[in-house]
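All of these numbers come straight from a predicted model, not from anything done at the bench. Below, chains carry the letters A, B, ... as their sequence lines are ordered, and counting in each starts from 1.
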Protein chains: 2
Amino acid sequence: MGHPPFAVTVDLVVLTLTGDELCALVVRRGVEPYVGEWALPGGFVRPEEDLADAARRELAEETGLAPGTVHIEQLGGYGAPGRDPRMRVVTIAYLALAPDLPVPSAGTDAADARWAPVRTLARESLAFDHDRILADGLERARAKLEYTPLATAFCAPEFTVAELRRVYELVWDTRLDPRNFHRKVTGADGLLEPTGRTTTRDGGRPAQLYRRGRAELLYPPMLRS
Amino acid sequence: MGHPPFAVTVDLVVLTLTGDELCALVVRRGVEPYVGEWALPGGFVRPEEDLADAARRELAEETGLAPGTVHIEQLGGYGAPGRDPRMRVVTIAYLALAPDLPVPSAGTDAADARWAPVRTLARESLAFDHDRILADGLERARAKLEYTPLATAFCAPEFTVAELRRVYELVWDTRLDPRNFHRKVTGADGLLEPTGRTTTRDGGRPAQLYRRGRAELLYPPMLRS
DNA sequence: GAAATAGTGTCTGTAAGACAATATGGA
DNA sequence: TCCATATTGTCTTACAGACACTATTTC
């Protein structure tokens, strides 16, 4: 019984919110295969490196974001035989959510990097099977907003209810009633922790600033319906 | 830029319901490492084989179940550097749910196989990092019962409301009110499709037989709360 | 008939969604 | 002052959970 050799990579679906769009990080490939095409950031896992460590390392290389500030979780494995023309490659995809929008810094094997609105990516095409990985990452993010406090991962450490609502509206591409949303999230147990301070950065009456609470699950969930 | 060689395996969390327990399939290892210890079924991915195909092949080898009757979905990748003492192995774990309980047939490199109640497995320990994989599989199954029709994967093609309720009760280890459960699942849009026939196999008044409906998502969800 | 399970009805509390009304800052 | 947004309150409707009650089979 042998064990045929595979290459193992990590690929990243990194999402952030620009002014009014949900964006994913894409890099232009600088090496074969698919030179010059857009792809998700990623790279080979090192011999003594854990998968999650490899994902965090690639994320830091591509974005320069401090690891502690970014939510990252595994999406799943992708390993169809022909997905990389060079050799048999299995990739473990990770989903990362970043609060602000730093200018991407091109990594070693990426000629260029940019934040691309997911709306436009749905029409273009990424290298390898990255269209599917991106779609899976988007669906994961959208689904987890429903029943976890994941939306706070798109926010700065302190945020207002309106900023949190904007996350839901951009990720789900819907409109939510500000008053019902406010009542719901301030009532959800363990979701928000008041800081006592306020801000007027959204204009109008000063809004309470909150930190993310200790809850890992949202009850009752926010339903897209 | 090299690409260090890895071995890639698939491992399976296969769940079924015995008389009154949720059980997972475990095999006694016949080869090093961990000879003689219990582990999840699994094996190496072949050079030209898709990951999901490898998982289905291993499932068929270990259980003899016809592939079409079993729900199978990917759980995720596990690849910590020391998880296999022989070499660097990344495994892609799959979750499978089987309706009935066939006698397991030992595979090529498994000396023995059995259905083990998950309640007892929580106290014993499996080889490799299989304790964690099993725990992740159980949590996935429990969570997906809430908002998908996955519970029907534990049932025969035609089933009664009481049989469906038993799935929830055993997987969640709770009691559900038969009357409220009945009202809820028969009202959930697209979950159940009446066959028009009835059965008395549960005793008492004959119960309607249902097939699984076309819905992929359960709305409103069944909440564990 | 009794026992068992299937299925319906009713009530109460909670929460969602629509939307009026009030509060508090900046220009 | 007006404007913009925050926050609270009210009303209606839907649904969860508790549980009485009826229905239909086997013994």
### Task
Quick one: list whatever passes ring pair (Phe, Tyr, Trp, His ring centres under 6.0 Å) with A:Trp38, sequence neighbours left out.
none
### Message
Applying ring pair (Phe, Tyr, Trp, His ring centres under 6.0 Å), can you list everything that pairs with A:Tyr94, at least two apart in sequence or on another chain?
### Response
none
### Query
Picking from A:Asp20, A:Leu164, A:Leu17, A:Leu176, what satisfies side chain to side chain contact (heavy atoms under 4.5 Å, CB included) with A:Glu169?
A:Leu176
## Note on the structure
Taken to the nearest whole Å, CG/A:Leu223 to P/D:dC15 is 12 Å
### Query
Hey, which of B:Arg197, B:Arg212, B:Gln208 is the one that makes side chain to side chain contact (heavy atoms under 4.5 Å, CB included) with B:Glu158?
B:Arg197
### Task
I would like to know whether B:Tyr78 and B:Asp11 meet side-chain hydrogen bond (donor to acceptor under 3.5 Å, both in side chains); could you show each step before the answer?
CA-CA 10 Å; B:Tyr78 297 79; B:Asp11 285 308; over 6 Å; no
### Task
Please list, by residue number, the residues of residues 161-176 of chain A whose heavy atoms come closer than 4.0 Å to an atom of DNA chain D; answer none if no residue qualifies.
A:Ala162, A:Arg165
### Query
Hey, is CZ on A:Arg132 packed in by over 12 heavy atoms from elsewhere, all under 6.0 Å?
no
Can you check nucleotides 8-14 of chain D for protein contacts, nitrogen or oxygen pairs under 3.5 Å, and list what you find?
none

### Query
For residues 143-153 of chain B, which residues have at least one heavy atom under 4.0 Å from DNA chain D?
none
#### Entry: First of B:Pro206 and B:Tyr219 reached from the 5' end of DNA chain C, by closest nucleotide
B:Pro206
### Query
Thinking salt bridges, do A:Arg140 and A:Asp136 make one under a 4.0 Å N-O criterion?
no
### Message
For a 4.5 angstrom cut-off between non-hydrogen side-chain atoms, does A:Glu61 reach A:Arg56?
### Response
no
### Heavy-atom neighbours of A:Arg224 CZ exceed 12 at 6.0 Å
yes
### Query
How about B:Phe181 and B:Tyr168: are their ring centroids closer than 6.0 Å?
yes
#### Entry: Rounded interatomic separation in angstrom, taking CG from A:Asp177 and P from D:dT7
14 Å
### Query
Side chains of B:Thr186 and B:His182: does their closest heavy-atom pair fall under 4.5 Å?
yes
#### Entry: Length of the line joining A:Asp202:CG and D:dT7:C1', which is rounded to integer Å
14 Å
### Query
Less than 6.0 Å separating the ring centroids of B:Tyr147 and B:Tyr219?
no
### Query
Is there a side chain to side chain contact (heavy atoms under 4.5 Å, CB included) between B:Tyr210 and B:Val161 once you walk through the steps?
CA-CA 8 Å; B:Tyr210 294 91; B:Val161 171; 3.6 Å; yes
#### Entry: First and last nucleotide of DNA chain C, 5' to 3', lying under 4.0 Å from heavy atoms of chain B
C:dA4 to C:dT10
